[in-house]
Amino acid sequence: TLPERTNLAGVQHILLVLSGKGGVGKSTLSTELALALRSAGKRVGILDVDLCGPSIPRMLRVQDSAVHQCDSGWVPVFVGQDKAISLMSIGFLLERPDDAVVWRGPKKNALIKQFVTDVAWGDLDFLIVDTPPGTSDEHISTVEALRPYKPLGAILVTTPQ
C-alpha cells in the first residue's frame, strides 16, 4: 500500500532505462528521451541512480547546480530556460562532480530508496529512471522501491556484440 501522500503521487508514468553492461548509451538515451518528451509538451523528470557514473548533469549542462531541501524532501534541479525537465542525481551531492562513489551495498540501496521517496517531483507526465550498468543490487533496490508506483515499463539498451 502507498503512503497517504507521496512525492511520486503526481507522476503519471515511470520508465526504467536498463542494460546488462556499461557504455551502451543508457544515459544518452535517457537524456534524449527526456528532451523528446519535453519537445512534445510533456513534463519530465530524470532520476539518475547511476551512482558510479552520474553523467546526466553534465549532458544537460547543470553539473554545477546544487540540490536544496524543502518540507517534502529534496527539490530536483530544473533544466533549461523553460524548467520543463526536473533532474535528481548523486552528481549534485558529490563535492566534485568527477569524484568516484565507493560505497557498499547497504549505503547505495539506502540512497536509492531515499531518491525514490524523498525527491519533491511535483506533477510530471514521465519520470525516467537511469540505472547503473549491469544487474546488481542497485537494480533490485530501484525496482523494489518503485514497484508500489507501478512503473510503465523498462527500456533495455543493448549493443550488437
Side-chain angles (χ1 to χ4, degrees), residues 2-18 26-133 137-139 141-152:
L2 292 175
E4 206 50 48
R5 178 71 192 141
T6 162
N7 279 333
L8 289 173
V11 177
Q12 299 303 308
H13 305 291
I14 299 172
L15 278 172
L16 290 117
V17 179
L18 309 156
K26 276 183 314 306
S27 296
T28 301
L29 187 129
S30 296
T31 301
E32 292 294 330
L33 182 59
L35 292 169
L37 288 166
R38 181 192 68 185
S39 291
K42 304 298 183 190
R43 294 160 304 175
V44 185
I46 305 174
L47 176 55
D48 182 6
V49 292
D50 188 348
L51 305 182
C52 298
S55 55
I56 292 182
R58 178 169 285 138
M59 288 182 182
L60 292 173
R61 295 193 183 121
V62 291
Q63 67 268 29
D64 297 325
S65 300
V67 171
H68 303 286
Q69 293 276 333
C70 69
D71 289 343
S72 50
W74 283 320
V75 178
V77 169
F78 299 102
V79 178
Q81 291 176 328
D82 58 359
K83 310 278 189 220
I85 296 177
S86 309
L87 172 62
M88 185 60 188
S89 171
I90 192 174
F92 298 134
L93 306 177
L94 301 174
E95 280 190 36
R96 291 188 308 277
D98 294 329
D99 283 354
V101 178
V102 185
W103 291 351
R104 292 199 175 272
K107 193 169 180 182
K108 286 182 181 179
N109 295 339
L111 180 67
I112 288 168
K113 285 185 183 117
Q114 195 172 3
F115 271 1
V116 168
T117 58
D118 293 350
V119 177
W121 292 108
D123 293 329
L124 295 177
D125 296 307
F126 290 91
L127 177 62
I128 298 163
V129 183
D130 185 39
T131 66
D137 275 356
E138 287 115 278
H139 298 91
S141 293
T142 303
V143 171
E144 287 296 315
L146 289 170
R147 180 171 284 142
Y149 305 99
K150 297 184 175 41
L152 181 64

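Note that the numbering runs from 1 along the sequence shown for the chain.
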Below 3.5 Å, can you tabulate the donor-acceptor pairs from side chains in residues 49-57 to any protein atom, sequence neighbours excluded?
residue: D50; atom: OD1; partner: G53; partner atom: N; Å: 3.3
residue: S55; atom: OG; partner: S27; partner atom: OG; Å: 3.3

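Annotation: ring-ring contact (aromatic ring centres under 6.0 Å, His included) contacts involving residues 42-76, sequence neighbours excluded, comprise W74-F115. The ring-ring contact (aromatic ring centres under 6.0 Å, His included) pairs that include a residue from residues 36-65 number zero, where partners must be two or more places apart or lie in different chains. A salt bridge (Lys or Arg N to Asp or Glu O under 4.0 Å) check over residues 84-93, counting only residues at least two apart or in different chains, returns nothing.
Not counting sequence neighbours, the partners of D82 by the salt bridge (Lys or Arg N to Asp or Glu O under 4.0 Å) test are R38. Among residues two or more places apart in sequence or in another chain, the side-chain contact (heavy atoms from CB on, under 4.5 Å) test is passed with T28 by E32, M59. Remark: S86 pairs with P76, F78, W121, L124 by the side-chain contact (heavy atoms from CB on, under 4.5 Å) rule, at least two apart or across chains. For R147, the salt bridge (Lys or Arg N to Asp or Glu O under 4.0 Å) partners are E144, not counting sequence neighbours. Taking the ring-ring contact (aromatic ring centres under 6.0 Å, His included) definition, one finds that F126 meets it with H13, sequence neighbours left out. With sequence neighbours excluded, the residues forming a side-chain hydrogen bond (donor to acceptor under 3.5 Å, both in side chains) with D125 are R43, listed by chain and number.
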Could you walk me through whether L29 and D130 pass the side chain to side chain contact (heavy atoms under 4.5 Å, CB included) check?
-> CA-CA 9 Å; L29 187 129; D130 185 39; over 6 Å; no
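For the atom pair CG (L16) and NZ (K26), the distance works out to 12.0 Å, reported to the nearest 0.5 Å. Atom CE of residue M88 and atom CG of residue L93 lie 4.5 Å apart, to the nearest 0.5 angstrom. With values rounded to the nearest 0.5 angstrom, Q69 atom CD is found 10.0 Å from D71 atom CG.
Between L60 and the options V77, L87, D48, a side chain to side chain contact (heavy atoms under 4.5 Å, CB included) holds for only L87. Applying side chain to side chain contact (heavy atoms under 4.5 Å, CB included) to I14 and the options L146, I128, V116, L152 leaves one that passes, L146.
The heavy-atom pair separating L127 from L47 by the smallest distance is CD1-N, 4.0 Å. The two residues S72 and N7 make their nearest non-hydrogen contact at O-ND2, 2.8 Å. Across all non-hydrogen atoms, the minimal contact from R58 to Q63 is CA-OE1, 3.6 Å. In terms of heavy atoms, A34 sits closest to I46 at CB-CD1, 3.6 Å. Nearest heavy atoms, A145 versus K113: CB-CG, 4.4 Å.
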